[in-house]
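In what follows, every heavy atom counts, from backbone to side chain, and hydrogens, waters and symmetry copies are set aside. Lettering follows sequence order; numbering is per chain, from 1.
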Amino acid sequence: MKKIMNKAEDYVDDMLKGIYAAHPHEVTYVNKDLRCFVAKATPGKKGKVGIMSGGGSGHLPLFLGFVGEGILDGAAVGGVFQSPSGKQIYEITKAINNGAGVLYVYGNYNGDILNFEMSTEMAEMDDIETLHTVVAEDVFSSPKGAENKRRGVAGMFFAFKLAGAAAEKMMPLQEVKRIADKTCANMRTVGMALTPCIVPELGKPSFNLAEDEMEIGMGVHGEPGISRTKMAKSDEIVDQMLNPILEDLPYKAGDEVAVLMNSLGATPKDELYIMYKRVDEILKAKKISVYHVYIGEFATSMEMAGSSITLLKLDSELKSLLAAPANSTSFVQMQLG
Amino acid sequence: MKKIMNKAEDYVDDMLKGIYAAHPHEVTYVNKDLRCFVAKATPGKKGKVGIMSGGGSGHLPLFLGFVGEGILDGAAVGGVFQSPSGKQIYEITKAINNGAGVLYVYGNYNGDILNFEMSTEMAEMDDIETLHTVVAEDVFSSPKGAENKRRGVAGMFFAFKLAGAAAEKMMPLQEVKRIADKTCANMRTVGMALTPCIVPELGKPSFNLAEDEMEIGMGVHGEPGISRTKMAKSDEIVDQMLNPILEDLPYKAGDEVAVLMNSLGATPKDELYIMYKRVDEILKAKKISVYHVYIGEFATSMEMAGSSITLLKLDSELKSLLAAPANSTSFVQMQLG
Amino acid sequence: MNLSIDDYKKILLYLAGSMSEHKQELIELDSIMGDSDLGLTMEKAFSVSSKAMQDSTETDIGKFLFQTGMAMSEAAPSSMGTLIASAFMQAGKNLKGKTETAPEDWKLFAVGLRDGIVNRGKAVPGEKTIVDVLVPVAQALENDSSGSHKEIFERLETVAAEALEKTKTMKAQHGRAAYFGDKSIGVQDAGATVAYIIYKSLSNYFKE
Amino acid sequence: MNLSIDDYKKILLYLAGSMSEHKQELIELDSIMGDSDLGLTMEKAFSVSSKAMQDSTETDIGKFLFQTGMAMSEAAPSSMGTLIASAFMQAGKNLKGKTETAPEDWKLFAVGLRDGIVNRGKAVPGEKTIVDVLVPVAQALENDSSGSHKEIFERLETVAAEALEKTKTMKAQHGRAAYFGDKSIGVQDAGATVAYIIYKSLSNYFKE
Ligand SMILES: Nc1ncnc2c1ncn2[C@@H]1O[C@H](COP(=O)(O)OP(=O)(O)O)[C@@H](O)[C@H]1O
Ligand SMILES: Nc1ncnc2c1ncn2[C@@H]1O[C@H](COP(=O)(O)OP(=O)(O)O)[C@@H](O)[C@H]1O
Ligand SMILES: [Mg+2]
Ligand SMILES: [Mg+2]
Ligand SMILES: [Mg+2]
Ligand SMILES: [Mg+2]
């Protein structure tokens, strides 16, 4: 197994030690638990809603890299592809609560849901109000009509960004949740994978794809997709990914969107841009205009090769929140023009 | 070959079309040549020195992703791992010259040197002054005493950043070159590779590394390193990389440095942070203080797995230039505190 | 014969031993449509919590079980870890105030396991989860909680075994297995197997 | 017999043909310590420029060769592409003003190839580069440029062949091969082979 690591069982904690060492002015932890990850500026502005996420490790920059100004206030860290505990979520909740309650924004995975709900129960004892926005935008993970069973993937970034911007504007908890939910309702993702990744403690790939195969719709933990086929040309791959996205919401002529082109890890930016060439062609043909394109690594699966496309339909409210500046260790944005 | 692309021979041009489509307000090209890449705000401020780079494709975000405010004004784009032509460099030179001359900052590769020099000859005919800073900080690519034969690798980012900040401060050409040269003189890099990458038009890996092997000192195009060994633990790998860096300049107790932890592509941020844990331990033990850590993809080799560590020794001049804001498609920094 | 805190400490250790024994079986079941961690997380949940609780000076059996659940949830925050933790916490709430328990108190325990998990996970019977074993077991005790510890668990072991078998016919609606849709039919549910192991072990414990 | 622009057009096409023929050999040589592109870039440099120059209405042989070099540099901006381009540009400068050339003018040509590359690449003899063929060839003509085209190139072909052979004994100091240090000794230089191919082809051209 070619991973730069020490002992497999120290993978997550060594990574966390590295993060705290690298960014001592930006992030820290609470409750003497490395896995209770918060912005250095904790507690934040009095009366600002706290925004937190959390979930399994192995998806950097997801969660941790987005803790900072104008985006997340904290993130609970689980083992690789494992949920953090309700207690850890609860400890962060207490730390980032500035008297206005905390919004949990996380992906639609069983373990995460159960633990965030356990935390909510604990927080109730302290009279801290918590609300949940469960992100579930992966089109191929469950059919239309059963959207609530869909997985949350790279689109989580958009939910963090807009909820964070809303909180920064001192909106109350209910309003921040409304923004996060609206973001989720207006976005869709489709992913594809080319190679598996290895969970350090397991030491071997969780699935196999032949040297000339790809899988459309595969989840970030290797959950089965909807079709395994021979490698196709980029333009054809994008057609297979983007058209189902467009039909699902649906996105229509005249809509304005933000696009997120995400690498699962090993796929280089070169290829994301080659894909975007086709995305641009299709959106132009459908008269859907693009406000801003985010491209790179936002939600990865360690060294997995593959990518995902996310579309977020914007109205003026979402657009102004998307445009707001943010400053975290993995995502920095100046005010968009 | 698992690459998301159309025809191999269109790899670079499709990528460029994707970049221009994704960032229409940020970047564009001149001379009707996709490979003559410049900031949208070209020509820039009157009297500002133009900063440009260039070289082979396959290293994103290197070169193109750093074209923007406070960093590069333009970059000439070659084929994968191939130099751009002198003519292309010259066309960009003309476009970004704001009357104060142009500084070329690029890596110490034969093809690039020859073509930047050819461009200088062409620019002389137009009375445009050009100076060259050739980055050569890869410690293991040539022994001490023959530093001028070293390759330029991820440290190029620091040279771009500081030259860009100096130009933004309206320093004259000679001064901007002094800053870029001083940056180069104060930085050192060591890299390591775990897997090869595939040049699209060749279609097969340029070298092989066994499933349990790594190579220290390998270059970003697969140039031979100094030792091929069994996979070691992260802490040991870092020892093998960082100690030669520290001895080479040398970096001493009391020095203040910036650190760049770079992924060659497939290596996830998790592993860079696991490495940084050890970097931090060593630097603390040596009483070398760290001003800022940059971590992620800065100079890649497409899907190659591996990483590099770069140290840049700072004085107050370099520090204030490093701290200055920058805004490009792949690198955004708010003013550092 | 009534049970004291000391008995519960022994029972916890016994359950932890059983989970260790079935570790590989659970890993394999969870590998079919899950992430192969169930054997590891169950072993961890039970071994960490049972060990931690040995030193407890708590005399209230309800509080003792609640704390066991808390310890489980920290030790193994997977789906099943969190669900089993919620189960023990609810069982603890149901038994709060008791310093010893009679055989018929197993009804409060079994209902607690069921309610803790149903409230946390919102699954209903037939959705191929642990609930499909916990519901009939609790129902059996609600109908009849007579007899000795040994007699009670002999009955429950049979109920649990039959209920577990039925999960093979169901289509998964929760967790990772749900992504497999119809393909999940025919396979025995991994989580339900955990419930079966608990009841079977308790039955063995009282046989010995 | 003197040569006109039309002859130079034919010579360029002939050289392009030779480079294509030797493509695989150059790829293999460059693969030993380089990036395997030399065969491709040389074929491209010569084929693109020779084709482009067929339509030229230029009558000045010097300007014609200079433009050929410019076209090469755009077509193949690799190390050798840029060096060969610089070589042709300098040869063109040396022959500027001539609308036909005599056999002894090959001296100006050979000196131009050499100087163009030395000025651009700053290599000196003995460093295992194309310079190690270009220098003795130019020197031979500086010593003796008498005879017909055919006679001149028969002599030069021998000089070039011997010079090429000597590159095997040298240690690479430039380009990718330099990273191999002592390991480069024993291997024939790829770039020097390009110079040899040029002179051998010219010799063949005038034999036919
Ligand atoms: N909402 C739910 N309610 C009850 N049981 C559930 C629920 N979701 C999953 N399960 C049970 O959890 C088992 C899987 O547990 P586990 O391996 O811990 O999941 P994961 O590793 O995916 O977090 C399933 O076999 C099922 O019995
Ligand atoms: N500075 C130099 N001066 C003269 N010849 C050089 C120089 N550097 C390299 N060469 C020649 O170039 C050849 C390699 O050319 P090429 O394959 O185009 O290089 P690359 O692909 O590395 O850009 C070498 O064999 C050598 O003969
Ligand atoms: Mg599992
Ligand atoms: Mg799990
Ligand atoms: Mg070459
Ligand atoms: Mg080359």
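Interface remark: of the candidates Met5(A), Met192(A), Met304(A), Met5(A) forms the most heavy-atom pairs closer than 4.5 Å to chain B. Of the listed residues Gly65(A), Cys197(A), Ala266(A), the one with more heavy-atom pairs under 4.5 angstrom with chain B than any other is Ala266(A). Residue with the most contacts toward chain A among Ile237(B), Leu60(B), Val279(B), Leu272(B): Leu60(B) (heavy-atom pairs, distance under 4.5 Å).
Ala22(B) touches chain A through backbone and side chain together, each having a heavy atom under 4.5 Å away. Using a 4.5 Å cut-off between heavy atoms, Met302(A) touches chain B through backbone and side chain atoms alike. Contacts of Ala305(A) with chain B are absent, with no heavy-atom separation under 4.5 Å from either backbone or side chain. Only the side chain of Met275(A) comes within contact range of chain B, with at least one heavy atom under 4.5 Å from a heavy atom of that chain. Neither the backbone nor the side chain of Met214(B) comes within contact range of chain A, judged by heavy atoms closer than 4.5 Å. Within the 4.5 angstrom heavy-atom criterion, no atom of Met261(A) approaches chain B. In this structure, chain B has heavy atoms under 4.5 Å from both the backbone and the side chain of Leu209(A). In this structure, no portion of Ala8(B) lies under 4.5 Å from any heavy atom of chain A. Leu64(B) does not touch chain A: none of its heavy atoms, backbone or side chain, sits under 4.5 Å away. Proximity to chain B (any heavy atom under 4.5 Å) is shown, for Ile19(A), by both the backbone and the side chain.
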May I have a list of the donor-acceptor pairs under 3.5 Å that connect chain A with chain B?
| from | atom 1 | to | atom 2 | distance (Å) |
| --- | --- | --- | --- | --- |
| Lys2(A) | NZ | Leu194(B) | O | 2.5 |
| Lys2(A) | NZ | Ala210(B) | O | 2.8 |
| Lys2(A) | NZ | Glu213(B) | O | 2.9 |
| Ile4(A) | N | Glu271(B) | OE1 | 2.9 |
| Met5(A) | O | Ser234(B) | N | 2.8 |
| Asn6(A) | OD1 | Ser234(B) | N | 3.3 |
| Asn6(A) | OD1 | Asp235(B) | N | 3.0 |
| Asn6(A) | ND2 | Asp235(B) | OD1 | 3.1 |
| Tyr11(A) | OH | Asp270(B) | OD2 | 3.1 |
| His23(A) | NE2 | Tyr273(B) | OH | 2.6 |
| Leu194(A) | O | Lys2(B) | NZ | 2.4 |
| Ala210(A) | O | Lys2(B) | NZ | 2.8 |
| Glu213(A) | O | Lys2(B) | NZ | 3.0 |
| Ser234(A) | N | Met5(B) | O | 2.8 |
| Ser234(A) | N | Asn6(B) | OD1 | 3.3 |
| Asp235(A) | N | Asn6(B) | OD1 | 2.9 |
| Asp235(A) | OD1 | Asn6(B) | ND2 | 3.1 |
| Lys269(A) | NZ | Ser330(B) | OG | 2.8 |
| Asp270(A) | OD2 | Tyr11(B) | OH | 3.2 |
| Glu271(A) | OE1 | Ile4(B) | N | 2.9 |
| Tyr273(A) | OH | His23(B) | NE2 | 2.6 |
| Ser330(A) | OG | Lys269(B) | NZ | 2.8 |

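For Leu194(B) against Ile4(A), the heavy-atom pair with the smallest separation is CD1-CG1, 3.8 Å.
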